[in-house]
Amino acid sequence: MTESKVQQPFRVRNFMAQEKATAGARMSELKLPSRSEDFSEWYNQLVLRAELADYAPVRGCMIVRPYGWALWENIQQALDRRFKATGHVNAAFPLLIPRSFIEKEKSHVAGFSPELAVVTIGGGEKLEEPLVVRPTSETIIGHAYAKWIQSYRDLPVLINQWNSVVRWELRTKLFLRTLEFFWQEGHTAHATLEEAEAETQQMLGIYADFAEKEAAIPVIPGRKSESERFAGADQTYSIEAMMGDGKALQSGTSHNLGQNFAKAFEIRYLDKNGVLQYCWTTSWGLSTRFIGAIIMVHGDDQGLILPPRLAPFQVVLVPIFKNEEEKAAVMERVGKLRQELLAADLRVKTDEREGFSPGYKFNDWEMRGVPLRIEIGPKDVAKGTVVFARRDKPGKEGKSFVSQQGLAVSVAKALEEIQAALYQRALAFRNANTHKPGDYAEFKVAVEKGFSISFWCGNSQCEEQIKAETKATMRCIPLEQSGGQGKCICCGQPAKEKALFGKAY
RNA sequence: CGGGGCGUAGCGCAGCCUGGUAGCGCGCCUGCCUUGGGCGCAGGAAGUCCCCGGUUCAAAUCCGGGCGCCCCGACCA
């Protein structure tokens, strides 16, 4: 058996190896590169060291480790709740799609064919018709909807599926862009354009609500330009978030597919007047890329910082003791407090590992982003207190003595404060790095390290020019407009809408 | 696809120029000792030196070919 060479799970740079000889150098190896010094490397090492994910033997593929998957499960629950509350149901459609399906919708095939993985052999035999590994499921679902929908009474159809898809990307990065990624894709069919448009916007709103309330990430919902539109959509909407380096990340999308797929797959219904009509369809998705957003929005130089509402562990209990006698007393108290917290539906982890110093554990859980750490030593047992250490406030500033009385209430309160503080910090950062340039020169400065909001004439030539000259792209036309009229930031022609520009992942 | 870098223990690397016993740090295992911000000591396990071929008495090292990974660019949800 030949062992395939895998990318290095732990790449500590050469320049660090040089410091190794000196006494203090070991610390620098344990630390992440700082965000300001090398944001990209900070991200790579954080993902590995927080044990969210690891590289797979195939280029561009990712192993989601249990801690990362637990985070994803919490994301799934928060979204699934919202989908169900708006009348959607889950189902599962196949991984393999006949290649001819992809080819039925003109712009869909044009958009996706360069990045398809195709199966040509099955059971040792060359296949009559190659099968593509789904890059998204509009086609195979469209085929099913054509069979299921006959009458206006069958509408709307509101189905979602949780799955993974494959797109053969050239340049990959853990969570942000991998060959295979996990997501949910919702697919709906409606009787009218208006209903389809309402659905598209409703789901965009759900993504925005999820991002802000659960992940503490402020987002800008908006409409995509023609060039950034999904292959096969009449209209694409997205939520855009600002990462810690000032770049934009599209964090969820919602598409109004018009009648494009309905016509390609003959999805039709008989209306009340007995007239055969094509359906109006939508699709919307949010992927594990969102985990990348959480990392890049909230993380600091110590590691990950998870929003309490999504964190796999909201609280970690770290016992501290010197000898067996102290250990017995401390562990007994830790066990009791743990039960109290569990009874209050808090997600709690007790770090019982032997042979690791408390200091090591502090750093370890900070790397993993647990929002609240509770330290309990012999002094606390004696005094009836514990030490809270808030992850969002490093060092002594985030530490406080808290009574063991009513601990579950104090913890819940602290978690809410952390959740709110993370959102406020992210919002303040985005505001500080979002500018409203008065001319093109100011625009260029603004998109160097953040967002620009300015009038845009709607002409794709300006979009192209801006991209060529600044590397910034139009992220979206925000739904929320201040109104009025102005001049295009690029060409100076009259413009009615303001657009969001920034460098993007 | 173009340019650059790299493949040696689980990880980070040295050794290669000048061919001859495969090494260091971290991690891992055992024991002792420690524990309120990344403890310490002692012992131990662990290698297809990416693959194939060539040169040579002898190849991690020299030569030829292949494969893979990373970074930058191009392309792109």
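In what follows, chains carry the letters A, B, and so on, assigned in the order in which the sequence lines appear, proteins first and then strands, with residues in each chain numbered from 1. No experiment lies behind these values; they were computed from the predicted model shown.
Of the residues in residues 384-406 of chain A, those with a non-hydrogen atom less than 4.0 angstrom from any atom of RNA chain B are A/Val387, A/Lys399.
Comparing B/rC76, B/rG38, B/rG36 by their closest approach to the side chain of A/Glu169 singles out B/rC76. When distances run from any side-chain atom of A/Phe356 to the nucleotides B/rC28, B/rC76, B/rG36, the shortest one goes to B/rC28. When the nucleotides B/rU35, B/rG38, B/rC76 are ranked by their closest atom to the side chain of A/Glu115, B/rC76 comes out on top. The side chain of A/Arg177 lies closest to B/rC76 when the candidates are B/rG37, B/rC76, B/rG36.
Comparing the P positions of B/rG47 and B/rG53 gives a spacing of 23 Å, expressed to the nearest Å. Taking atom P on both B/rG31 and B/rA14, the two are 35 Å apart, rounded to the nearest angstrom. Of the C1' atoms belonging to B/rG27 and B/rC11, the separation is 7 Å, rounded to the nearest Å. For the C1' atoms, the distance linking B/rG3 with B/rG40 amounts to 49 Å, nearest Å. Comparing B/rA58 with B/rG20, their C1' atoms are spaced 7 Å from each other, to the whole Å. Remark: the separation of the C1' atoms in B/rG15 and B/rA22 is 8 Å, to the nearest Å. Distance check on atom P: B/rC49 versus B/rC75 gives 43 Å, rounded to whole Å.
Rounding to whole angstrom units, CZ of residue A/Arg171 and C1' of B/rC72 are separated by 7 Å. For the pair A/Tyr360 OH and B/rC26 C1', the interatomic distance rounds to 11 Å; values are reported in whole Å. Across the protein-nucleic acid pair, A/Leu176 atom CG and B/rC76 atom P stand 19 Å apart, rounded to whole Å. The NZ-C1' distance, from A/Lys467 to B/rC75, rounds to 9 Å in whole Å. Following rounding to the nearest Å, A/Glu375 (CD) and B/rU35 (P) show an atom-to-atom distance of 16 Å. If you measure from atom OH of A/Tyr55 to atom P of B/rG68, you get 18 Å, rounded to the nearest angstrom. Atoms CG (A/Leu170) and P (B/rC71) sit 13 Å apart, rounded to a whole Å. Atom CD of A/Glu354 and atom P of B/rG31 are 12 Å apart (whole Å).
Note on A/Arg229: nothing from the nucleic acid sits closer than 4.0 angstrom, heavy atoms only.
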Residue pair A/Lys383, A/Ser403: steps toward the side chain to side chain donor-acceptor pair (under 3.5 Å) verdict: CA-CA 9 Å; A/Lys383 289 190 295 179; A/Ser403 170; over 6 Å; no
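Evaluated for a ring-ring contact (aromatic ring centres under 6.0 Å, His included) with A/Phe290, the options A/Phe175, A/Trp183, A/Phe210, A/Trp72 yield exactly one hit, A/Phe210. Screening A/Phe112, A/Trp284, A/Tyr237 for a ring-ring contact (aromatic ring centres under 6.0 Å, His included) with A/Phe230, the sole residue that qualifies is A/Phe112.
Between A/Phe101 and A/Phe265, the distance separating the two ring centers is shorter than 6.0 angstrom. Taking the six-membered ring for Trp and the full ring otherwise, the centers of A/His187 and A/Tyr145 sit at least 6.0 Å from each other.
Interface remark: the A/Asp364 side chain does not form any donor-acceptor pair with the B/rG38 base, using a distance-only criterion of under 3.5 Å.
Where A/Lys471 and A/Ser238 meet RNA chain B, the nucleotide closest to each residue was compared, and A/Lys471 sits on the side nearer the 5' end.
With no hydrogens or angles considered, no side-chain donor-acceptor pair links A/Asp234 and A/Asn256 at under 3.5 Å.
At distances below 3.5 Å, not a single donor-acceptor pair connects side-chain atoms of A/Glu463 with backbone N or O atoms of A/Met474.
In this structure, B/rC6 forms a base pair with B/rG68, meeting either the Watson-Crick or the G-U wobble geometry with both donor-acceptor distances under 3.5 Å.
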